Amino acid sequence: MGKGYDDVFTVTKTNHAVKHPGSCSCNLSKQYIGSVSKIDQICSSPVMEEEPKRLDVLPELSEEYSKELEVAVRAVQMACSLCQRVQDTIISNTGSGTNHRQVQSKDDNSPVTVADWSVQAIVSWMLSECLGSQNVSIVAEEDVQNLSKVNASELLEDVVETVNQCLAEAPRFGVQKPKSALSTSDVLEIIGRCNSTGGPTGRFWVLDPVDGTLGFVRGDQYAVALALVEDGEVKLGVIGCPNYPMRKEWLSYHHRYHRIISKLTPPTAETWNKGCVLYAKTGSGKAWMQPLLHANKMFVWPNQAKQVSVSSIDNPALATFCEPVEKANSSHSFTAGLAHSVGLRKQPLRVYSMVKYAAIARGDAEVFMKFARAGYKEKIWDHAAGVTIIQEAGGMVTDAGGVPLDFSKGLYLEGLDRGIVACSGATLHAKIIDAVDASWGSSGL
Ligand SMILES: Nc1ncnc2c1ncn2[C@@H]1O[C@H](COP(=O)(O)OS(=O)(=O)O)[C@@H](OP(=O)(O)O)[C@H]1O
Ligand SMILES: [Mg+2]
Ligand SMILES: [Mg+2]
Ligand SMILES: [Mg+2]
């Protein structure tokens, strides 16, 4: 483990740059990071006979946090591919009585699946492999205890198989796969390694392997979210949204699902016909979106990315607001009253997971509000990546008192004032914050 970034990625850059002259019409030498054999298949230009020379990290990768961002995007792309496969299996097994192997309940009754642990393993492996395990510290949602229990042996078997299946596809993402399959103890070790508790100093990654697990098991929206925090500040964020639909209207799929649940078969990964990975570096003023890498396609960095920006709507009457699907996670009655008071006319868009952050960054919605019950402490992995992506796309995220979220206090957003308000711009944000204050006293929250 821990070969380091250059060892994992530059073999192919070096080979390609050497084999293909500067005049090569395929123009892959600076753009393509993939397996040598695939490059050779794609490019038919004559091979140059000269001594290999090593390329340094590509110019765009020498900027601060660029290397980390690239590794993070690859890790999330791999994780999304894994999740799609597991979600399809779960959905096709629904009703067959075999899902207990893949979906379990945690002590707080929330669901956790084979995908949650497997993604945690894959991201932990990728970060350690590419950045060096001694440099990587990870705060992540899932712990290894439940998975190591004697009665979880079938589940653990499924996780190890899912992880190895995903790693076998690593070359598609421009990453060398391990020489041999990971053993059960390797997998437990890489999951258990995500044991950082965050805090105000140093560098740590923040991972929600499957955010919106409830949406995931229901065949609906979910996200994979990864952020890098340094000295208490988020430095970059990546969100994978495997089911982000082609048309924003389809984000509210679950409305249909619940209305005609008995008749409707949830869609499989292919029929959503979509999926994206959003990412941003803090302070860059830019947020980007890549399509999800579908089967048989190779990862190309960063050419396929498109810049995204928030919507310019600042009139509440025209705005769309999103909130959690479950009223146990956020007060629907409070946000309904507030929406009415500011003149929001549209029905709330209830979407699972950090896809809500993605929707605002992409300009598909203007407001996201979450007001959890008193006493619930928001976790940093549910927000870190989303906050930075919205902000870099031009939006604004604070608590209900207008204060930026503080990721320096450990696992939780300590000191959060009432709830979270994310908006596509400062004008709308100010209106919502004022309305929270006006409605709060009579809310009973
Ligand atoms: N009681 C309560 N109140 C508020 N928030 C809670 C609560 N319980 C859990 N969670 C966290 O909410 C995460 C899911 O948020 P969503 O916005 O996707 O909610 S919803 O499923 O759409 O209702 C969910 O993330 P995942 O566990 O990753 O799915 C939890 O971290
Ligand atoms: Mg979550
Ligand atoms: Mg989760
Ligand atoms: Mg969870």
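For ligands, and for the atoms within them, numbers begin at 1 and follow the listed sequence. Values reported hereafter were calculated over all heavy atoms of this structure, with side chains retained and with hydrogens, waters and symmetry mates removed. Only a predicted model underlies this, so the values are computations on that prediction, with no experimental measurement involved.
Neighbours of the Mg ion (ligand 3) restricted to protein N, O or S atoms under 2.8 Å: the count is 3.
For Arg418 and Phe334, the positive end is not near the middle of the six-membered ring at less than 6.0 Å and at most 45° from its axis.
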Distance-only donor-acceptor hits, side chain of residues 423-433, under 3.5 Å, sequence neighbours excluded:
residue : atom : partner : partner atom : Å
His429  : NE2  : Thr398  : OG1          : 2.8
Lys431  : NZ   : Asp314  : O            : 3.4

Got a list of side-chain donor-acceptor pairs under 3.5 Å for residues 336-344, not counting sequence neighbours?
residue : atom : partner : partner atom : Å
Ser341  : OG   : Leu338  : O            : 2.7

Evaluation steps, side chain to side chain contact (heavy atoms under 4.5 Å, CB included), between Asp211 and Ile239: CA-CA 10 Å; Asp211 181 47; Ile239 305 182; over 6 Å; no
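Judged by distance alone, the side chain of Gln77 and the main-chain N or O of Pro291 form a donor-acceptor pair under 3.5 Å.
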Enumerate the pairs of nitrogen or oxygen atoms, one from ligand 1 and one from the protein, separated by less than 3.5 angstrom; state names and distance to 0.1 Å.
residue  : atom   : partner : partner atom : Å
ligand 1 : 5 (N)  : Lys370  : NZ           : 2.9
ligand 1 : 5 (N)  : Tyr376  : OH           : 3.4
ligand 1 : 10 (N) : Tyr376  : OH           : 3.0
ligand 1 : 12 (O) : Lys370  : NZ           : 3.4
ligand 1 : 17 (O) : Lys356  : NZ           : 2.6
ligand 1 : 18 (O) : Ser353  : N            : 2.5
ligand 1 : 19 (O) : Asn329  : ND2          : 3.1
ligand 1 : 22 (O) : Val325  : N            : 2.8
ligand 1 : 23 (O) : Val325  : N            : 3.2
ligand 1 : 23 (O) : Glu326  : N            : 2.7
ligand 1 : 23 (O) : Asn329  : ND2          : 3.2
ligand 1 : 25 (O) : Asp211  : OD1          : 3.2
ligand 1 : 25 (O) : Asp382  : OD1          : 3.4
ligand 1 : 27 (O) : Glu141  : OE2          : 3.1
ligand 1 : 28 (O) : Glu141  : OE1          : 3.0
ligand 1 : 28 (O) : Asp208  : OD1          : 3.2
ligand 1 : 28 (O) : Asp208  : OD2          : 3.1
ligand 1 : 28 (O) : Val210  : O            : 3.1
ligand 1 : 28 (O) : Asp211  : OD1          : 3.3
ligand 1 : 29 (O) : Gly212  : N            : 2.8
ligand 1 : 29 (O) : Thr213  : N            : 2.9
ligand 1 : 31 (O) : Asp382  : OD2          : 2.5

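No hydrogens or angles considered: nothing links the side chains of Ser333 and Lys327 as a donor-acceptor pair under 3.5 Å. Looking at Lys149 and Asn146, their side chains do bring a donor and an acceptor atom within 3.5 Å of each other.
You'll find the ring centres of Tyr352 and Tyr222 outside the 6.0 Å limit. Side-chain rings of Phe321 and Phe368 stay apart, their centers remaining 6.0 Å or farther from each other.
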